[in-house]
Novice: 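Here it is, the structure, as structure tokens.
Treat the numbers as computed from the prediction; the structure is a model and nothing was measured. Counting begins at 1 with the first residue of the sequence.
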Amino acid sequence: MAPYIGGNANASHEAVKHDDWRDEFATKGYVVLKNVVPPDRALYYRQKMLDWLGSFANGFDINDQISWTEENLPWSFKNGMYLNFCAAHEKYVWEARQEPGVLDAFSKIWGTEELISSYDTINITLPNAAEMGGTKPWPHVDQAPERNGMHCVQGFINLSEAGPKDGGLVVMEGSAPLFEKFFKQFPPDRTKGPLAALHYDFYPFQNEDLKWYEDHGCKVVKVCAEPGDLVLWDSRQMHYAVYPETDIIRTVIYTCFTPAAWISTEDREKKKEIFHKWEATTHWPHINIHSHGKHMIDGKLDPLERTEPLEKPELTEKLKRLAGLEPY
């Protein structure tokens with residue numbers, strides 16, 4: 001069965017010149033926007049994240065590195081991404097999503113202020129994450145090879161130093177513009193192997209694929225950023241995360257918006273249901289509306305799971321529209 005390819009794409013995005021950071025974004029496939037969030041707000045968000053991690057009363061103490069063990073931490077994807085525990089809907093996370101500079105960046109990308117948000121989550125990666133069973137780099141894209149054009153732009157608000165050796169994002173610079181060319185030459189086989197079982201808006205690359213991109217002028221880049229910076233990348237950009245090699249705790253809040261006009265009535269209803277359960281979804285705001293649900297252990301609800309955030313967001317008219325609970 002062929003995958004459903006819905007939504008809309010800014011197919012002419014690459015051909016448009018703006019004489020601002022959007023031109024760099026179109027060429028490189030990513031951009032680091034400096035000082036999007038004021039320093040005091042960045043510090044506030046970082047502290048709220050660390051306080052949240054310490055709120056489970058499970059033996060973890062942010063000031064005692066001996067307590068930084070897998071047994072003392074709530075479960076996270078790849079030792080840092082918290083997909084459960086209502087993390088995606090904490091009050092401070094919704095505050096961060098509504099930072100003026102964040103919304104302005106996505107408005108510039110899509111050419112509209114009527115945006116809808118993903119229910120992305122947070123990432124708190126401790127310096128010893130690799131020691132707790134870290135995984136090797138897994139270069140991938142988060143857009144189906146069957147989709148042409150730019151359908152989604154991922155991002156995060158960076159809240160800690162992210163230098164060359166700190167934990168963070170790695171991209172294959174310049175790979176997004178080559179997305180269609182690569183998959184025209186190497187069409188994915190969706191009928192067998194692991195790709196048949198994977199979500200369509202995902203594609204993992206092999207070492208020989210990286211060489212193809214490098215042979216076409218791309219290069220692997222560790223994205224460096226400072227607290228308050230907004231990092232954006234095209235979902236067609238090859239990327240992956242790396243663990244810290246320093247003692248700095250990685251703290252980021254994922255943000256993603258697309259035009260609200262792109263969401264269907266059916267998917268809006270799905271978002272409403274997931275929102276009222278305070279659950280997280282993928283980074284896609286208008287399609288792929290699937291909840292990560294509650295974390296289970298051996299078929300039973302994780303004792304650390306929560307039915308609501310520690311601090312619920314204020315349901316303003318602005319938030320309701322951004323969350324997809326109400327139309328514009």
Novice: Is there a donor-acceptor pair closer than 3.5 Å between any side-chain N or O of Asn58 and the backbone N or O of Glu71?
Specialist: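 Yes, Asn58 side chain to Glu71 backbone: donor-acceptor pair under 3.5 Å.
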Novice: Determine yes or no for a side-chain-to-main-chain donor-acceptor pair under 3.5 angstrom, with Asp120 supplying the side chain and Tyr254 the backbone.
Specialist: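 Checking the backbone N and O of Tyr254 against the side chain of Asp120, no donor-acceptor pair under 3.5 Å is found.
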Novice: Go through Lys277 and Glu273 one step at a time and tell me if the salt bridge (charged side-chain N to carboxylate O under 4.0 Å, His left out) criterion holds.
Specialist: CA-CA 7 Å; Lys277 292 179 181 179; Glu273 182 179 350; 3.5 Å; yes
Novice: Please tell me if the side chains of Val221 and Val170 come closer than 4.5 Å, counting only heavy atoms from C-beta onward.
Specialist: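 A side-chain contact is absent here, since even the closest heavy-atom pair is not under 4.5 Å.
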Novice: Take Glu214 and Lys211 through the test salt bridge (charged side-chain N to carboxylate O under 4.0 Å, His left out) and record every step on the way to the result.
Specialist: CA-CA 5 Å; Glu214 289 171 343; Lys211 186 178 185 304; over 6 Å; no
Novice: Check whether more than 12 heavy atoms from other residues, nucleotides or ligands sit under 6.0 Å from atom CG of Leu301, and answer yes or no.
Specialist: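 Yes, enclosed.
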Novice: If you count the non-hydrogen atoms of other residues, nucleotides and ligands that lie under 6.0 Å from CD in Glu113, is the total more than 12?
Specialist: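 No, CD of Glu113 has 12 or fewer neighbouring heavy atoms, counting only those of other groups under 6.0 Å.
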Novice: Begin with the C-alpha distance, continue with both residues' side-chain angles, and end with the deciding distance and a verdict on ring-ring contact (aromatic ring centres under 6.0 Å, His included) for Phe56 and Phe60.
Specialist: CA-CA 8 Å; Phe56 289 88; Phe60 174 80; 9.4 Å; no
Novice: Is there a path of hydrophobic side-chain contacts, each under 4.5 Å between heavy atoms of I, L, V, M, F, W or Y residues, that connects Leu103 with Leu315?
Specialist: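 In one cluster: yes.
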Novice: Give me the one residue out of Phe205, Tyr203, Phe202 that meets ring-ring contact (aromatic ring centres under 6.0 Å, His included) with His140.
Specialist: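 Among Phe205, Tyr203, Phe202, the one that satisfies the ring-ring contact (aromatic ring centres under 6.0 Å, His included) with His140 is Phe202.
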Novice: What heavy-atom pair brings Pro285 and Cys256 nearest, and what distance separates the two atoms?
Specialist: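 Heavy atoms only, the tightest pair is CG-O, 3.6 Å.
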Novice: Verify the cluster assignment for Ile263 and Ile274: are they in a single hydrophobic cluster under the rule of side-chain heavy atoms below 4.5 Å apart?
Specialist: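 They do not share one cluster, since no chain of ILVMFWY contacts under 4.5 Å joins Ile263 to Ile274.
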Novice: What distance separates Phe25 CZ from Asp20 CG, expressed to the nearest 0.5 Å?
Specialist: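 So the gap between those two atoms works out to 12.0 Å.
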Novice: Give, for atom CD of Glu161 and atom CD1 of Ile249, the distance between the pair rounded to the nearest 0.5 Å.
Specialist: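 One finds 13.5 Å between CD of Glu161 and CD1 of Ile249.
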Novice: After noting the C-alpha distance and the side-chain angles of Phe182 and Tyr213, does the key distance pass the ring-ring contact (aromatic ring centres under 6.0 Å, His included) rule?
Specialist: CA-CA 8 Å; Phe182 175 85; Tyr213 277 99; 5.1 Å; yes
Novice: Of the non-hydrogen atoms in Met172 and Leu210, which two are nearest, and what is the gap between them?
Specialist: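 So the two residues come closest at CE-O, 3.8 Å.
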Novice: Among Arg97, Glu311, Met49, find the one that has a side-chain contact (heavy atoms from CB on, under 4.5 Å) with Tyr92.
Specialist: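 It is Met49, the one option of Arg97, Glu311, Met49 that forms the side-chain contact (heavy atoms from CB on, under 4.5 Å) with Tyr92.
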Novice: Would you find a donor on one side and an acceptor on the other, under 3.5 Å apart, between the side chain of Glu173 and the backbone of Cys218?
Specialist: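 Absent.
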Novice: What's the spacing between Ile109 CD1 and Phe106 CZ if we round to 0.5 Å?
Specialist: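 Atom-to-atom, Ile109:CD1 and Phe106:CZ are 5.5 Å apart.
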Novice: Any chance you could measure Leu232, atom CG, to Thr255, atom OG1, to the nearest 0.5 Å?
Specialist: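 The OG1 atom of Thr255 is 6.5 Å from CG of Leu232, to the nearest 0.5 Å.
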Novice: Decide whether Thr281 and Ser291 meet the rule of one side-chain donor and one side-chain acceptor closer than 3.5 Å.
Specialist: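 There is no such pair between these side chains.
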Novice: If only side-chain N and O atoms count, and only distance matters, is there a donor-acceptor pair under 3.5 Å linking His286 with Thr258?
Specialist: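 Judged by distance alone, the side chains do pair up.
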Novice: Do Ile248 and Tyr243 land in one hydrophobic cluster if side-chain heavy atoms of ILVMFWY residues count as linked below 4.5 Å?
Specialist: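 Unlinked, Ile248 and Tyr243 end up in two clusters.
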Novice: Cut-off 3.5 Å, side chains only: do Thr282 and Asn288 have a donor facing an acceptor?
Specialist: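 Distance-only check fails for Thr282 and Asn288.
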Novice: Please confirm whether the backbone N or O of Val153 pairs with a side-chain atom of Gln143, one donor and one acceptor, at under 3.5 Å?
Specialist: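 No.
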Novice: Taking the basic N atoms (NZ, or NE/NH1/NH2) and the acidic carboxylate oxygens, is any pair closer than 4.0 Å for Lys271 and Asp267?
Specialist: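 So Lys271 does not pair with Asp267 through a salt bridge.
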Novice: For His239 and Asp142, what are the C-alpha separation, side-chain angles and deciding distance, and is it a side-chain hydrogen bond (donor to acceptor under 3.5 Å, both in side chains)?
Specialist: CA-CA 9 Å; His239 65 281; Asp142 288 305; 3.0 Å; yes
Novice: Looking at Lys34, I'd like to know if its NZ atom is crowded, meaning that more than 12 non-hydrogen atoms belonging to other residues, nucleotides or ligands lie closer than 6.0 Å.
Specialist: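 Yes.
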Novice: I'd like to know if the side chain of Asn123 and the backbone of Tyr82 have a donor-acceptor N/O pair within less than 3.5 Å.
Specialist: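 Looks like no, no N/O pair under 3.5 Å.
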Novice: Phe179 and Pro145: which non-hydrogen atoms are nearest, and at how many Å?
Specialist: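 Looks like CZ-CA, 3.7 Å.
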Novice: Tell me if the CG atom of Asp215 is crowded by more than 12 foreign heavy atoms within 6.0 Å.
Specialist: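 Yes.
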Novice: Kindly determine whether Thr27 and Arg22 satisfy side-chain hydrogen bond (donor to acceptor under 3.5 Å, both in side chains), including the steps that lead there.
Specialist: CA-CA 9 Å; Thr27 301; Arg22 287 172 288 182; over 6 Å; no
Novice: Measuring from Asp247:CG to Asn128:CG, what's the distance to the nearest 0.5 Å?
Specialist: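 The distance works out to 11.5 Å.
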Novice: Using a strict cut-off of less than 4.0 Å between a Lys/Arg side-chain nitrogen and an Asp/Glu carboxylate oxygen, indicate whether Arg236 and Glu180 qualify as a salt bridge.
Specialist: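 Yes, charged N to carboxylate O under 4.0 Å.
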Novice: Run the ring-centre check on Trp52 versus Tyr45 and record whether the distance is less than 6.0 Å.
Specialist: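 Distance test on ring centres: not under 6.0 Å, no.
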Novice: Look at atom CD of Glu314 and say whether more than 12 heavy atoms of other residues, nucleotides or ligands are closer to it than 6.0 Å.
Specialist: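 Incorrect, the count does not exceed 12.
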Novice: Quick one: do Lys272 and Glu269 make a salt bridge, cutoff under 4.0 Å?
Specialist: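 Salt bridge between Lys272 and Glu269, a charged N being under 4.0 Å from a carboxylate O: yes.
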Novice: Is Asp23 reaching over with its side chain to a backbone N or O of Asp19, donor-acceptor style, under 3.5 angstrom?
Specialist: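 Checking the backbone N and O of Asp19 against the side chain of Asp23, a donor-acceptor pair under 3.5 Å is found.
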Novice: Measure from the side-chain N and O atoms of Asp229 to the backbone N and O of Asn35, and report whether any donor-acceptor pair falls under 3.5 Å.
Specialist: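 Judged by distance alone, yes, a pair lies under 3.5 Å.
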Novice: Decide yes or no on ring-ring contact (aromatic ring centres under 6.0 Å, His included) for Trp262 and Trp110, but give the supporting numbers first.
Specialist: CA-CA 11 Å; Trp262 289 4; Trp110 298 117; 5.1 Å; yes
Novice: I need the Glu305 CD to Cys86 SG distance, nearest 0.5 Å.
Specialist: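 The CD atom of Glu305 sits 6.5 Å away from the SG atom of Cys86.
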Novice: Whether Lys48 and Glu90 form a salt bridge (side-chain N of Lys/Arg under 4.0 Å from carboxylate O of Asp/Glu) is what I want to check.
Specialist: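 No salt bridge links Glu90 with Lys48.
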Novice: Taking a hydrophobic cluster as the set of Ile, Leu, Val, Met, Phe, Trp and Tyr residues connected by side-chain heavy atoms closer than 4.5 Å, whether directly or through intermediates, do Leu322 and Val102 fall within one such cluster?
Specialist: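 Linked, Leu322 and Val102 end up in one cluster.
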Novice: Tell me whether Arg147 is salt-bridged to Asp201, with the criterion being a basic N under 4.0 Å from an acidic carboxylate O.
Specialist: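 Judged by the 4.0 Å cut-off on N to carboxylate O distance, Arg147 and Asp201 do form a salt bridge.
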Novice: Take atom NZ of Lys219 as the centre, draw a 6.0 Å sphere, and report whether it contains more than 12 heavy atoms from other residues, nucleotides or ligands.
Specialist: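 Open: at most 12 neighbouring heavy atoms sit under 6.0 Å from NZ of Lys219.
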Novice: Quick check with a 6.0 Å cut-off and a 45 degree axis cone: is Lys78 positioned over the face of Trp138's six-membered ring?
Specialist: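 Yes.
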Novice: Would Lys300 and Asp298 pass as an ion pair if we require N to O under 4.0 Å?
Specialist: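 No, no charged N to carboxylate O under 4.0 Å.
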Novice: Using a 6.0 Å cut-off, check whether atom NZ of Lys222 has over 12 heavy atoms from anything other than its own residue.
Specialist: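 Atom NZ in Lys222 is packed in, count exceeds 12.
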Novice: Sub-3.5 Å donor-acceptor pair from the side chain of Glu326 to the main-chain atoms of Arg321, do we have one?
Specialist: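 Side chain of Glu326 to backbone of Arg321, a donor-acceptor pair under 3.5 Å: no, none is there.
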Novice: Find out if a path of hydrophobic residues (ILVMFWY) with successive side-chain heavy-atom gaps under 4.5 Å connects Ile116 to Ile157.
Specialist: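 Per the 4.5 Å side-chain linkage, Ile116 and Ile157 are not co-clustered.
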Novice: For Trp75, give me all partners under ring pair (Phe, Tyr, Trp, His ring centres under 6.0 Å), at least two apart in sequence or on another chain.
Specialist: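 Trp75 satisfies ring pair (Phe, Tyr, Trp, His ring centres under 6.0 Å) with His295 once adjacent residues are dropped.
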Novice: Parallel, tilted or perpendicular: which fits the ring planes of Trp278 and Phe275, with parallel below 30° and perpendicular above 60°?
Specialist: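 The rings of Trp278 and Phe275 sit tilted, inter-plane angle from 30° to 60°.
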Novice: Could you go through the side chain to side chain contact (heavy atoms under 4.5 Å, CB included) check for Leu126 and Asn79 one step at a time?
Specialist: CA-CA 8 Å; Leu126 300 174; Asn79 296 330; over 6 Å; no
